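Report on one structure; see the data block that follows.
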There are 2 protein chains.
Amino acid sequence: MAIRIGALARQTHCTVETIRYYEQTGLLPEPLRTAGNYRLYHAEHIERLHFIRHCRALDMSLEEIRVLLSYRDTPQQACDEVNGLLDQHISKLDQQIADLLQLKQRLQGLRSHCRGENTAESCGILQELTHCSCTTEKMN
Amino acid sequence: MAIRIGALARQTHCTVETIRYYEQTGLLPEPLRTAGNYRLYHAEHIERLHFIRHCRALDMSLEEIRVLLSYRDTPQQACDEVNGLLDQHISKLDQQIADLLQLKQRLQGLRSHCRGENTAESCGILQELTHCSCTTEKMN
DNA sequence: TAAAAACCCTGAAGTAGCTATAGAGTCAAC
DNA sequence: GTTGACTCTATAGCTACTTCAGGGTTTTTA
């Protein structure tokens, strides 16, 4: 019923180092050890790590996951905030997608400035990158 | 004709610290200094930083930019690699967009598991995150 | 039974691309 | 002459890990 860290890593598609890192930052509790000082994981740890990895697969930050875990750990609370967190995460995604699509358009525009038989000196892309009017205003 | 670091930062929509960081990592050459040890920037520096910022606005990495700058610095070379770098960057973007869209679908699916009047204990989202079959395989 | 291979341990440093902080110096205006 | 805006260096911090050095443990194989 108990497994060591390597087996757990294989089960959850992450590395041994990542698991130790989660423990270090308090996402996973410290497990019991064998006589030889090896970590030993049981069902509860394993489920918790699966939870974390699923959240990470959904690109949630460790801080977001920390919040979700706290809800998981206090089952009597209302779960409104869980919904809110997800909704927020989804709109963040929407923004990212829109940004990337815009970026792609700009890159394709830029790409069309070079016909490919040039030297760097006369390359339209490099010139455009120096003088272009594409906005950098949104950055900080 | 010469400006100080604060003015350059305003012109290029970045911070003073970012400019110093670029200098430190070799993207920008060390500029001349005033008697009082202030950095003084001239047209060439300014254009180079504009180039860098435009590339960053297109989400290129500093390593990619380093390559582009080396092309800019040796104007006799053919510029095929510039095209290649851009094409590669565009397909990376395509992949990112596809990933985000898939992610969004999964999140929306997950979101639909909670009707909002639950306690955390019975919240469909938290349960789903523990046991769901959504893949974590692509991660490392 | 011995040795090789596979596994695990800790602690510290490195990654990208900055951002933030401390503590000090410079320069123009009032 | 002092206030305030600007600049300087050096160092540490951020996310989510990854890599490394230098060791100990367990399992497999000869």
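In what follows, chains are A, B, ... by sequence order, proteins preceding strands, each numbered from 1. All values derive from a computational prediction rather than experimental measurement.
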Between D/dC17, C/dA20, C/dC18, which nucleotide has the shortest distance from any of its atoms to the side chain of B/Glu17?
-> C/dA20

Could you tell me the separation between the CD1 atom of B/Ile5 and the C1' atom of D/dA5, rounded to a whole number of Å?
-> 15 Å

With B/Gln105 via side-chain contact (heavy atoms from CB on, under 4.5 Å) - residues at least two apart | none

Between B/Tyr22 and A/Val16, which is nearer to the 5' end of DNA chain C once each is assigned its nearest nucleotide?
-> A/Val16

Enumerate the residue pairs fulfilling salt bridge (Lys or Arg N to Asp or Glu O under 4.0 Å) with a member in residues 40-52 of chain B, sequence neighbours excluded, ordered by first and then second residue.
-> B/Arg48-B/Asp73

Quick one: pull up CZ in A/Arg56 and CD1 in A/Ile52 and give me the separation to the nearest 0.5 Å.
-> 10.5 Å

Sequence neighbours excluded, the answer for side-chain contact (heavy atoms from CB on, under 4.5 Å) partners of A/Leu101 is A/Ile97, B/Ile97

Short side-chain N/O contact from B/Tyr21 to OP1 or OP2 of C/dA16, under 4.0 Å = no

Have a look at A/Thr25 and say if it touches a base, only the backbone sugar-phosphate, or nothing, with a 4.0 Å heavy-atom cut-off.
-> nothing

Parallel, tilted or perpendicular, as decided by the 30° and 60° cut-offs, for the rings of B/His42 and B/His45 = tilted

Separation of A/Ile52 atom CD1 from D/dC17 atom C1', in whole Å?
-> 14 Å

Any chance you could list the contact pattern along nucleotides 23-30 of chain C? Use B for base contacts, S for sugar-phosphate-only contacts and - for none, protein heavy atoms under 4.0 Å, 5' to 3'.
-> --BBS---

With sequence neighbours left out, what residues match B/Glu30 under salt bridge (Lys or Arg N to Asp or Glu O under 4.0 Å)?
-> none

Reckon A/Arg20 has a side-chain N or O less than 4.0 Å from the OP1 or OP2 of D/dT18?
-> no

Rounded to whole angstroms, how far apart are CZ on B/Arg10 and C1' on D/dA5?
-> 10 Å

Is any side-chain nitrogen or oxygen of B/Arg39 closer than 4.0 Å to OP1 or OP2 of D/dT9?
-> yes

A/Arg66 CZ - D/dC14 C1' separation (whole Å) = 14 Å

Rounded distance in Å - CG (B/Asp59) to C1' (C/dG17) | 11 Å

What is the distance from CZ of B/Arg56 to P of C/dC18, rounded to the nearest Å?
-> 4 Å

Return the set of residues passing side-chain hydrogen bond (donor to acceptor under 3.5 Å, both in side chains) with A/Tyr22 (not counting sequence neighbours), or none when no residue passes.
-> A/Arg53

How close or far is atom P of C/dG17 from atom CG of B/Leu28, stated in whole angstroms?
-> 15 Å

OP1 or OP2 of D/dT25 sitting under 4.0 Å from any side-chain N/O of A/Arg33?
-> no

A/Ile3 CD1 to D/dT26 P, straight-line distance once rounded to whole Å = 17 Å

